[in-house]
Amino acid sequence: MTVFEFATAGRIIFGPGSFAQLETVAAGYGKCPLVVTGKRRIGGNTFAGTTFPVAGEPTIDLVRAGVEAFRGAKCDIVVAIGGGSAIDAGKAIAAAAANPGDLLDYLEVIGKGQPLESAPYPFIAVPTTAGTGSEVTRNAVLGSPEHRVKVSLRSPLMLPRVAIVDPELTRSLPPGITASAGLDAFTQLIEPYVSSRANPMTDSFCLDGIRHVAASLLRAHKNGGDGEARTGMAWASLLGGLALANAGLGVVHGFAAPIGGMFEAPHGAVCAALLPAGMRANIDALRERDPKGPGLERYATIARIVTGDPNGSAEKGARWVEALAKKLAIPTLAAWGIRSRDIPELVEKAGRSNSIRANPIPLTPVELATVIERSL
Ligand SMILES: [Zn+2]
């Protein structure tokens, strides 16, 4: 076995009803929490603190406002209760509030990309969707509307102190978000599994997570009150976060970053729309240029899990995923305003993205363009 490293949140508390532990757990890390919340109201959420609501995917300005709120209320801990947007916002606020420089000093691509000087304030993440896995990752994705890009604030120090994953909090998610967040989670299990940076630990997480998505996603979409399916998806999402933070992603996320920067399109919906074509492009390229390599075999393993066919080919798995996206009524990229004329710019930006470096095989610009064409 090769040498590998695995890093994650300091503590993970998982299971139905675990949300009830939040107050006691938080009290162990700070006295005055800034509570970053998403759009959805969580029933029984009486957690005390200074509330900072986040309406959409976080921007640099929103994080600056959050830091002001944090300092103004003399907070000493950040608790985020929400989807990926609230968690990324809270994670960035906890980091930026503890560091003297301007946020741009620490941002990659559009900023100076300096490492954080001080460890962030304690940060507790409580996801209310099953999809992002952000509760166990070390970066926060922030939009810069003036640059039309999304960039990461990233540091090993940003791994949350505690992740509390309570599947009950996802029960009230509407079917559309259940579907797109669920396919994002699925992407975040498939991409790290076929990634060139995969390791034995992320592999076992990915395979178990893929199994749970195959068993639970349609059920949770059809009946949001199906507790077992909700638990299966919350578990799969957590495993996806553990995997992507340690093994990287691939072509779908390579496109998701520039699309998210250029268009008003939620991350989960973009990944959901891209996943079938992204898989197909990778499988076609592997079949053509690396037919005996591990990439194709890994896609075949995925196919065997999701289809239940012990002889399932990589292509059969891709068709299964395509059919799943149809059953979940995932809108195409065109629904978010993306047109064929945007392809060259997206291909160019995806080719330079961080995520694409871990793709199992380098894709040509023509192959990359096909991914968008087929997803429109
Ligand atoms: Zn994602």
Side-chain angles (χ1 to χ4, degrees), residues 56-60 84 104 107-111 113 139 141-152 154 180 183-184 186-188 190-192 194-197 244 248-290 295 299 314-315 318 321-322 325-326 330-376:
E57 296 192 350
T59 59
I60 292 170
L104 275 177
L107 280 174
E108 57 189 32
V109 187
I110 57 167
N139 68 310
V141 181
L142 307 178
S144 173
E146 52 164 315
H147 298 95
R148 293 183 82 215
V149 290
K150 272 183 169 180
V151 291
S152 267
R154 190 187 302 274
S180 56
L183 278 189
D184 185 24
F186 202 22
T187 310
Q188 294 173 178
I190 294 172
E191 293 202 311
V194 299
S195 156
S196 55
R197 290 171 47 207
L244 82 88
L249 291 158
V251 60
V252 171
H253 280 83
F255 274 120
I259 289 176
M262 289 165 62
F263 301 89
E264 295 269 326
H267 173 82
V270 171
C271 289
L274 285 166
L275 176 61
M279 259 179 106
R280 221 168 112 190
N282 275 348
I283 291 169
D284 288 350
L286 288 164
R287 187 73 71 198
E288 198 182 296
R289 298 194 289 282
D290 191 18
Y299 274 113
E315 284 81 356
V321 171
E322 205 170 325
K326 284 224 171 71
I330 297 297
T332 66
L333 288 183
W336 306 103
I338 298 150
R339 302 284 177 264
S340 331
R341 61 167 184 268
D342 302 310
I343 292 176
E345 186 177 354
L346 289 173
V347 165
E348 194 257 328
K349 286 184 170 166
R352 287 189 283 119
S353 73
N354 258 326
S355 298
I356 208 140
R357 283 184 225 153
N359 203 55
I361 187 163
L363 296 177
T364 65
V366 173
E367 287 166 341
L368 287 171
T370 316
V371 174
I372 300 291
E373 265 158 32
R374 288 179 177 155
S375 308
L376 285 176

Are [X] and [Y] side-chain neighbours, meaning at least one heavy-atom pair lies under 4.5 Å?
X	Y	result
V149	M262	no
S144	K150	no
I372	I259	yes

Looking at every heavy atom in both [X] and [Y], which two are closest together, and how far apart are they?
X	Y	value
E264	W336	O-CE3, 3.7 Å
S195	G248	CB-O, 4.4 Å
P331	A273	O-CB, 3.6 Å
L183	L275	O-CD2, 4.2 Å
R357	S196	O-OG, 3.8 Å
A285	L363	CB-CD2, 3.6 Å

Check your understanding: Do you know which of L368, I356, L333 makes side chain to side chain contact (heavy atoms under 4.5 Å, CB included) with F255?
Key -> L368
Review point. Could you go step by step and tell me if Q188 and D184 meet the side chain to side chain contact (heavy atoms under 4.5 Å, CB included) rule?
Key: CA-CA 6 Å; Q188 294 173 178; D184 185 24; 3.0 Å; yes
Exercise for review: Flag yes if more than 12 heavy atoms outside E108 fall under 6.0 Å of its CD atom; otherwise flag no.
Suggested key: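 More than 12 heavy atoms, drawn from other residues, nucleotides or ligands, come within 6.0 Å of this atom.
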Output the distance between atom [atom1] ([X]) and atom [atom2] ([Y]), rounded to the nearest 0.5 Å.
X	Y	atom1	atom2	value
I361	L286	CD1	CG	4.5 Å
I343	E345	CD1	CD	12.0 Å
S340	E373	OG	CD	7.0 Å
E146	T59	CD	OG1	10.5 Å
L249	L244	CG	CG	4.5 Å
R148	F263	CZ	CZ	6.5 Å

Exercise for review: Assess whether side chain to side chain contact (heavy atoms under 4.5 Å, CB included) is satisfied between R154 and N354, documenting all intermediate values.
Suggested key: CA-CA 12 Å; R154 190 187 302 274; N354 258 326; 3.7 Å; yes
Review point. Does a side chain donor of either H267 or E57 reach within less than 3.5 Å of an acceptor in the other side chain?
Key: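 Judged by distance alone, the side chains do not pair up.
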Tell me if a side-chain donor or acceptor on [X] pairs with a main-chain N or O of [Y] at a distance below 3.5 Å.
X	Y	value
R289	P362	yes
E191	G250	yes
N282	M279	no
T370	V366	yes

Practice item. Determine, stepwise, if the pair V141 / V151 fulfils side chain to side chain contact (heavy atoms under 4.5 Å, CB included). Key: CA-CA 6 Å; V141 181; V151 291; over 6 Å; no
Check your understanding: Salt bridge or not for E315 and R280, using N-O below 4.0 Å?
Key ->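 Here E315 does not pair with R280 in a salt bridge, since their nearest N and O are not under 4.0 Å apart.
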Check your understanding: Step by step, would you call I110 with L104 a side chain to side chain contact (heavy atoms under 4.5 Å, CB included)?
Key -> CA-CA 7 Å; I110 57 167; L104 275 177; 4.0 Å; yes
